[in-house]
Amino acid sequence: MDALLCFYHRNEDLKQMLESSKDSAKLDAMKRIVGMIAKGKNASELFPAVVKNVASKNIEIKKLVYVYLMRYAEEQQDLALLSISTFQRALKDPNQLIRASALRVLSSIRVPIIVPIMMLAIKEASSDLSPYVRKNAAHAIQKLYSLDPEQKEMLIEVIEKLLKDRSTLVAGSVVMAFEEVCPDRIDLIHKNYRKLCNLLVDVEEWGQVVIIHMLTRYARTQFVSPWKDDEVVEEYNENNFYESDEEQKEKDRKVKNIYTMDPDHRLLLRNTKPLLQSRNAAVVMAVAQLYWHLAPKSEASIVSKSLVRLLHSNREVQYIVLQNIATMSIQRKGMFEPYLKSFYVRSTDPTMIKTLKLEILTNLANEANISTLLREFQTYVKSQDKQFAAATIQAIGRCATNITEVTDTCLNGLVCLLSNRDEIVVAESVVVIKKLLQTQPAHHGEIIKHMAKLLDNITVPVARASILWLIGEYCERVPKIAPDVLRKTAKSFTTEDDLVKLQILNLGAKLYLTNSRQTKLLTQYVLNLSKYDQSYDIRDRTRFIRQLIVPNEKSGALSKYAKKIFLAQKPAPLLESPFKDRDHFQLGTLSHTLNSQATGYLELSNWPEVAPDPSVRNVDVAESTKEWTGILGITKKEKPMEKFYSESEEEEDESTNTSSSSRCLESNLHLHFLENCIFRTGGYLKRIGKNFKKSQSHVTTQVSVPTETHELLHRMSGKGLAAHYHFSRQPGIFGDHMVSVQVTVTNTTDQKIENIHIKEKKLPPGMRVHEFNPIECLEPAESITVSMGIDFCDSTQMASFQLCTKDDHFNVNIQPPVGELLLPVTMSEKDFKKEQACLSALYLLSKPR
């Protein structure tokens, strides 16, 4: 009771702090509340007090409020609806984190009445300048679809738009939305296939897994099987000495028409291969399944080493990886034979891991390594883990069936195990021996006699039933022992397990038909006992056998065929791997793990006989020209807008430019600030309006404008090391997304400075820095200029990192003026005004002079 009162008072304290007029008190309260959520405590009763602060002007408070609302908006939908107008206003907030959080909260309110509002918010967010907001728009698509599936067509339009996004932050999320909403719309992937393949290595790990699985399904519908080549070569290599000339010519024709892999198919395999080195087990597993389902058999083996590496992970990862290796090792043993010792069982392994490793070792067994494996199995049989010991005995039986050279050795070893003190080991040995003897019973009469003698000492029902079945099945080969076994078991019939009783009945029936002189009375005695048994299965079996083997006036025509029914030759059992029937599921999926089709599982289609038209993956020439010329620079010398590239640049020689060129340039510069301009970091053109003609504008080469040098590190702060930088405005040599930055490093001391390099980058989400190569030594008074690339992710946020020497490190940052992120578009004034009119409220700049 005291604890409850304490909790109540603590929450009252938080409510008072949230209602305080001081931002510091509110911020402290929100930090404590978020801390409670992180610890798993329930803070839902504070929802009314928290939601009041959603309109706070303090950005830190607002962020924490949205963190809280994202957690509890689904539980407190009525209260969240009261603040929906605030969420809508937050979608226009200058801060990208607030916009994204507002969208997440809005999509968490699971009320059908706000579906139109959510739809509008998603459409607007999909066009946001921030890739983080666009990423959250993709997440919201799935939530809206689950709330109202009727919005599917409109959501597909948004997905189609986001699939064209070149941001690696968006790619994984939009593909996940595609898989949830319209996985059958393969046509949406055609134009984006190559882009996704190229972006794959830079996408976050979660997105990589989603994209790889989607591209696996896509490839199975668009490319022909790469395994046909292997089949043709194998067929050609067969002995053709006796073949006719026509057959030989046919084979020669097949070899000449050897399969040639589609370049797009090869692109996918080439771009996923580096991900085998990923630290994320799910990514490695995704690439492994892709190579298994898509790569030529000769190339699939490259995944083996990476999968074996994952066996050093935690037991949950090991379990999934081993399950997939077990399936692979059945069809392609050669992939994992070099790593045989990696699958040896350790004493610290849990039973589930031991069993899977044992399964793989059995699959990899062949004439060359069977002696080594049998010695290993001998150790496993002695394990204290009885379940694992029993599985080992089954593995020995499978090896004996698959490799005929060691069948007798395995059988003799299993017979020796019959004298083991452990009943479970003995019982499993009996069951496996029974299955082995069914394959060649004529040569093992002595083993059957030996097992009959052990019947008195074996108490496990399954083992006793197996021995009785063997004696009954092969009673003609042990005519002296079988009646005596029936006599002994008849005495203990009432105390036996139901499974054993059924086999005693079967034994009695078979002996009655083959040796009625000795066993007639015994069989009738057993039938009389079982007639009054408590189990209805036993009673039913008794009535059936009595009518079949003891004919009378009521017996039907079946009694004439009693011998054929009871003594018919049984087919030998097949000792197969339990993973043999899992290969029809895609590797790495939940369905494969469960060996049952899970909800939402998408089957891999069969390879097409003829590949569909590959031109569907070609991007339009006009679009690709804009995309790639965006990084080439501008040829025509034109006057830059004042303070467009950097704040302190001055205009030069106004008189040298005509008024028409000034208007044209200003038209270009207006376009730079629009949402659909060319971003140097994006490297592509977006259409300004629906009626925009691609032929009306083009990107020209380098603009001749003065560049300003900015100070990166002052010589006093850098202990004699000075650094300055400027934006070169040249095509990025480190990639389409990178802005080229020239850094000049100067040694102002009288001693040399060694190992100048960059480390500890502190970057906003999505931003990347390509470092310059380390400078080994900088002599006194010497200067060196190096190049680096920065992907500012279409924002003017600063890139912070450390400039380090051998002995010191200095915190520095680079913040670009907006003009340094853009490249100009040249178009006529008429076309510019036409597009300007289409922008309506989005147009924020003044008209050209």
Side-chain angles (χ1 to χ4, degrees), residues 3-115 117-118 121-122 124-125 128 130 132-144 146-147 173 206 764-765:
L4 289 173
L5 286 172
C6 179
F7 181 75
Y8 173 78
H9 287 305
R10 184 167 65 247
N11 282 352
E12 284 298 315
D13 182 39
L14 290 173
K15 290 178 182 178
Q16 291 178 5
M17 293 174 69
L18 289 170
E19 294 172 359
S20 171
S21 58
K22 297 181 179 179
D23 284 351
S24 58
K26 292 181 179 179
L27 184 61
D28 186 43
M30 286 309 305
K31 287 180 179 178
R32 288 168 58 184
I33 292 171
V34 172
M36 289 169 58
I37 296 173
K39 293 177 181 178
K41 296 180 180 179
N42 184 14
S44 59
E45 65 175 35
L46 294 169
F47 193 92
V50 173
V51 80
K52 292 177 183 177
N53 294 281
V54 73
S56 174
K57 294 181 180 180
N58 187 303
I59 191 68
E60 296 300 324
I61 295 175
K62 188 178 287 190
K63 288 179 183 177
L64 293 175
V65 168
Y66 275 110
V67 169
Y68 177 90
L69 293 177
M70 283 185 280
R71 169 65 180 81
Y72 288 108
E74 286 194 39
E75 297 180 15
Q76 305 281 347
Q77 293 180 2
D78 293 338
L79 290 174
L81 278 173
L82 297 176
S83 302
I84 199 165
S85 58
T86 306
F87 302 148
Q88 288 179 278
R89 286 196 299 272
L91 292 171
K92 308 291 184 182
D93 194 277
N95 189 302
Q96 61 173 348
L97 296 177
I98 298 300
R99 297 198 302 275
S101 298
L103 181 61
R104 292 174 68 180
V105 173
L106 197 61
S107 60
S108 297
I109 303 174
R110 318 286 292 167
V111 179
I113 197 173
I114 67 164
V115 166
I117 297 175
M118 288 175 60
I122 290 172
E124 291 180 355
D128 197 281
S130 167
Y132 180 67
V133 177
R134 301 197 297 273
K135 175 187 178 75
N136 280 275
H139 291 167
I141 289 173
Q142 303 168 58
K143 294 183 180 180
L144 180 55
S146 64
L147 180 63
S173 301
W206 172 83

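For clarity, every value in this text was computed on a predicted model and none was experimentally measured.
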Practice task
Show your working on side chain to side chain contact (heavy atoms under 4.5 Å, CB included) between M30 and L18 and close with a plain yes or no.
Solution key: CA-CA 8 Å; M30 286 309 305; L18 289 170; 3.6 Å; yes
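When the ring-ring contact (aromatic ring centres under 6.0 Å, His included) test is applied to Y66, no partner is found at least two apart in sequence or on another chain. S146 is linked by a side-chain hydrogen bond (donor to acceptor under 3.5 Å, both in side chains) to R110, counting only residues two or more places apart in sequence or in another chain.
From L64, atom CG reaches atom CG of N53 across 10.5 Å, with rounding to the nearest 0.5 Å. With values rounded to the nearest 0.5 angstrom, D128 atom CG is found 9.5 Å from K92 atom NZ. Rounding to the nearest 0.5 Å places CD1 of I122 at 4.5 Å from CG of L144. How far CG of L97 is from CZ of R104: 10.0 Å, rounded to the nearest 0.5 Å. Taking CD of Q16 as the reference point, atom CG of D13 lies at 6.0 Å (rounded to 0.5 Å). Rounding to the nearest 0.5 Å places NZ of K22 at 12.5 Å from CG of D28.
Nearest approach of K26 to I61, heavy atoms of both residues: CB-CD1, 3.7 Å. Across every non-hydrogen atom of K15 and E45, the tightest pair is CE-O, 4.1 Å. Closest of all the heavy-atom pairs between L14 and I33 is CD1-CG1, 4.0 Å. Looking at every heavy atom in both residues, A102 comes nearest to L91 through CB-CD2, 4.0 Å. Closest non-hydrogen pair, I109 versus M118, comes out as O-SD, 4.2 Å. Listed here is the closest heavy atom pair of V133 and A125: CG1-CB, 3.9 Å.
In summary, of the residues considered (K62, R99, K63), a salt bridge (Lys or Arg N to Asp or Glu O under 4.0 Å) with D93 occurs for K62 alone.
Pairs passing the ring-ring contact (aromatic ring centres under 6.0 Å, His included) check and including a residue from residues 69-103, sequence neighbours excluded, read Y68-Y72.
In this structure, K52 and E19 have side chains that are in contact, with non-hydrogen atoms separated by less than 4.5 Å. In this structure, the side chains of S85 and R89 come closer than 4.5 Å at one or more pairs of heavy atoms.
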